[in-house]
Amino acid sequence: MSVRESIDPKSSLWAWLAFDLWFYRSQRGLSLAQTALIVKVARGTVSNWEAGRLRPSDEHMRRLDKAWDTGGHFERLLWYARTGHDPDWFRQYLQYEAGASIIKVHSGKTVPALLQTEEYMRVLLTRTGQQDVEQEVQARLKRQEILARQQPPYLWILLDQEVLECQVGDSEVMRAQLQRLLDSAESLRTSVRVIPRSSGWHPGHDGAFQVLKVGSREIAYAGAQIGGRLIEAGDEATILAIRFDEVGALALPRGPSLETIERAMGAFE
């Protein structure tokens, strides 16, 4: 069975889009190469769309709708896929994260995965009931490799003060984790700022979120208790980008933020 044949169109809107791309093409007796000429991409790109490995753009779907006279079917389905919930959203998020030029993260409860130490993440994963802790630890460490590139992404982190004070593991784990934050902040491309408790309520209290700059697009992620949601289009991504700036306006500048982290380390002596 090919990858394309294994796609269940009922599993997600993205799977439905991939299936319909294959189905409509097959009904018209067109090859991958012929369809590629219509939308002005490589043959392999169409193949990847149909296999769910790659996501098309609005312009590609507009060309297909016009050529096949679908009444806007593919552009409409693409819109719903982007704005709806995708059970397999995290795989796509990782692709965006790997290709992002700017990553903005607000976290109110724990240190974000990209800056977690191995022991800190291991404790978190164990306490949350992760089935294969070591596999997930290695996956997170793999994600962190983007920060070691010659041209790493700009990483802007906003942390509630509670993150620094909420003990995860023993004191040694916490000291190492807070030192990791201090070390990371030495990079010209990484900013770690702390929102003091004295700021009171702020928009970030609704939950952790991230905003990524991928090419000319802004992609957002909103966290939730049993799974997050990837936001690839629409006003919501813009709203979260604005919210990040609103929360950032309450954060301490770089120097006082690092001093706050250093003081927090002292509590774990």
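Just so you know, these numbers use all the heavy atoms, side chains as well, and skip hydrogens, waters and symmetry mates.
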For the hydrophobic clusters of this structure (ILVMFWY residues joined by side-chain heavy atoms under 4.5 Å, transitively), does one cluster hold both Tyr96 and Leu94?
-> yes
What heavy-atom pair brings Ala33 and Arg43 nearest, and what distance separates the two atoms?
-> N-CG, 3.9 Å
Any residue meeting side chain to side chain donor-acceptor pair (under 3.5 Å) with Lys109, in chain and number order, not counting sequence neighbours | Glu162
Report the C-alpha separation of Arg122 and Glu134 in whole Å, then their side-chain angles, then the decisive distance to 0.1 Å, and conclude whether the salt bridge (charged side-chain N to carboxylate O under 4.0 Å, His left out) test is met.
-> CA-CA 8 Å; Arg122 183 172 285 110; Glu134 290 308 313; 2.7 Å; yes
Can Arg197 and Glu165 be counted as an ion pair, charged N to O under 4.0 angstrom?
-> yes
So, for His202 and His106, is the gap between ring centers shorter than 6.0 Å?
-> yes
Measure across Leu13 and Ala81 and return the closest heavy-atom pair with its distance rounded to 0.1 Å.
-> CB-CA, 3.7 Å
Under 4.5 Å between any side-chain heavy atoms of Glu172 and Glu119, yes or no?
-> no
Passes side-chain contact (heavy atoms from CB on, under 4.5 Å), Val111 versus Thr117? Steps please.
-> CA-CA 9 Å; Val111 173; Thr117 64; over 6 Å; no
Under 4.5 Å between side-chain heavy atoms, hopping through other hydrophobics if needed: is there a path connecting Tyr120 to Leu125?
-> no
Looking at side-chain heavy atoms only, is the closest gap between Ile231 and Phe209 below 4.5 Å?
-> no
In terms of hydrophobic clustering (I, L, V, M, F, W, Y; side-chain heavy atoms under 4.5 Å; direct or indirect links), are Val105 and Val168 co-clustered?
-> yes
Full working for side-chain contact (heavy atoms from CB on, under 4.5 Å) between Leu212 and Glu218 = CA-CA 6 Å; Leu212 285 64; Glu218 276 193 326; over 6 Å; no
Separation between CD1 of Ile103 and CD1 of Ile146, rounded to the nearest 0.5 Å = 4.0 Å
Measure the shortest side-chain to side-chain distance between Lys104 and Ile102 over non-hydrogen atoms and say whether it is less than 4.5 angstrom.
-> yes
Please table the atom pairs, donor to acceptor, closer than 3.5 Å between any side-chain atom in residues 256-267 and protein atoms at least two apart or in another chain.
{"residue": "Ser257", "atom": "OG", "partner": "Val194", "partner atom": "N", "Å": "3.0"}
{"residue": "Ser257", "atom": "OG", "partner": "Leu252", "partner atom": "O", "Å": "3.0"}
{"residue": "Ser257", "atom": "OG", "partner": "Pro253", "partner atom": "O", "Å": "2.9"}
{"residue": "Thr260", "atom": "OG1", "partner": "Pro256", "partner atom": "O", "Å": "2.8"}
{"residue": "Thr260", "atom": "OG1", "partner": "Arg263", "partner atom": "NH2", "Å": "3.3"}

With a 4.0 Å cut-off, would you call Glu50 and Arg25 a salt bridge?
-> yes
Going from CH2 on Trp156 to OH on Tyr154, what distance comes out if it is rounded to the nearest 0.5 angstrom?
-> 8.5 Å
Out of curiosity, Cys166 SG to Gln161 CD, how far, rounded to the nearest 0.5 Å?
-> 12.5 Å
Where do Leu78 and Leu17 land on the side-chain contact (heavy atoms from CB on, under 4.5 Å) test, with the steps shown first?
-> CA-CA 7 Å; Leu78 177 61; Leu17 175 60; 4.0 Å; yes
Candidate pair His73 and Asp20, rule side chain to side chain donor-acceptor pair (under 3.5 Å), full reasoning = CA-CA 10 Å; His73 172 77; Asp20 272 16; 2.8 Å; yes
Answer yes or no: is there a side-chain heavy-atom contact under 4.5 Å between Ile195 and Leu159?
-> no
Provide the closest heavy-atom pair for Leu147 versus Pro153 in the form atom of the first, atom of the second, distance.
-> CD2-CG, 4.3 Å
Would you say Arg243 and Ile239 make side-chain contact, with heavy atoms under 4.5 Å?
-> yes
Between Arg63 and Asp58, does at least one N-O distance fall below 4.0 Å, as a salt bridge requires?
-> no
Give, for atom OG1 of Thr110 and atom CD of Gln116, the distance between the pair rounded to the nearest 0.5 Å.
-> 6.0 Å
State plainly whether one hydrophobic cluster holds both Val133 and Val123, where clusters connect Ile, Leu, Val, Met, Phe, Trp and Tyr through side-chain heavy atoms under 4.5 angstrom apart.
-> no
Pair His60 + Trp49: ring centers closer than 6.0 Å | yes
Considering residues at least two apart in sequence or located in another chain, which fulfil the side-chain contact (heavy atoms from CB on, under 4.5 Å) criterion with Gln131?
-> none
Any side-chain heavy atom of Asp170 within less than 4.5 Å of one from Met174?
-> no
Heavy atoms, side chains only, cut-off 4.5 Å: are Val46 and Leu21 in contact?
-> no
Rounded to the nearest 0.5 Å, what separation is found between the CG atom of Leu115 and the CG atom of Leu178?
-> 11.5 Å
Please check if the distance between the ring centroids of Trp22 and Phe19 is under 6.0 Å.
-> yes
Chi angles and distances behind the side-chain contact (heavy atoms from CB on, under 4.5 Å) call for Leu141, Gln144 = CA-CA 5 Å; Leu141 293 175; Gln144 293 180 359; 3.9 Å; yes
In Å and rounded to the nearest 0.5 Å, what is the CG to CD distance from Leu114 to Glu145?
-> 11.5 Å
If two hydrophobic side chains count as joined below 4.5 Å and joins carry through other members, does Leu182 share a cluster with Val173?
-> yes
Less than 6.0 Å separating the ring centroids of Tyr24 and Phe74?
-> yes
Which heavy atom in Arg127 sits nearest to a heavy atom in Gln167, and how many Å separate them?
-> NH1-O, 4.0 Å
Check Ala237 against Ala220 and note the closest heavy-atom contact, atom names and distance.
-> CA-CB, 3.9 Å
Kindly indicate whether the side chain of Trp79, heavy atoms from C-beta on, has any atom under 4.5 Å from the side chain of Glu75.
-> no
Could you tell me whether Lys40 and Glu59 make a salt bridge, using a distance below 4.0 angstrom between a side-chain N and a carboxylate O?
-> no
Of all heavy-atom pairs between Asp160 and Gly108, which one has the smallest distance, and what is that distance?
-> OD2-CA, 3.5 Å
Arg175 charged N/C atom sitting above Phe268 aromatic ring, 6.0 Å / 45° | no
Gln151 side chain to Arg189 side chain, donor-acceptor N/O pair below 3.5 angstrom | yes
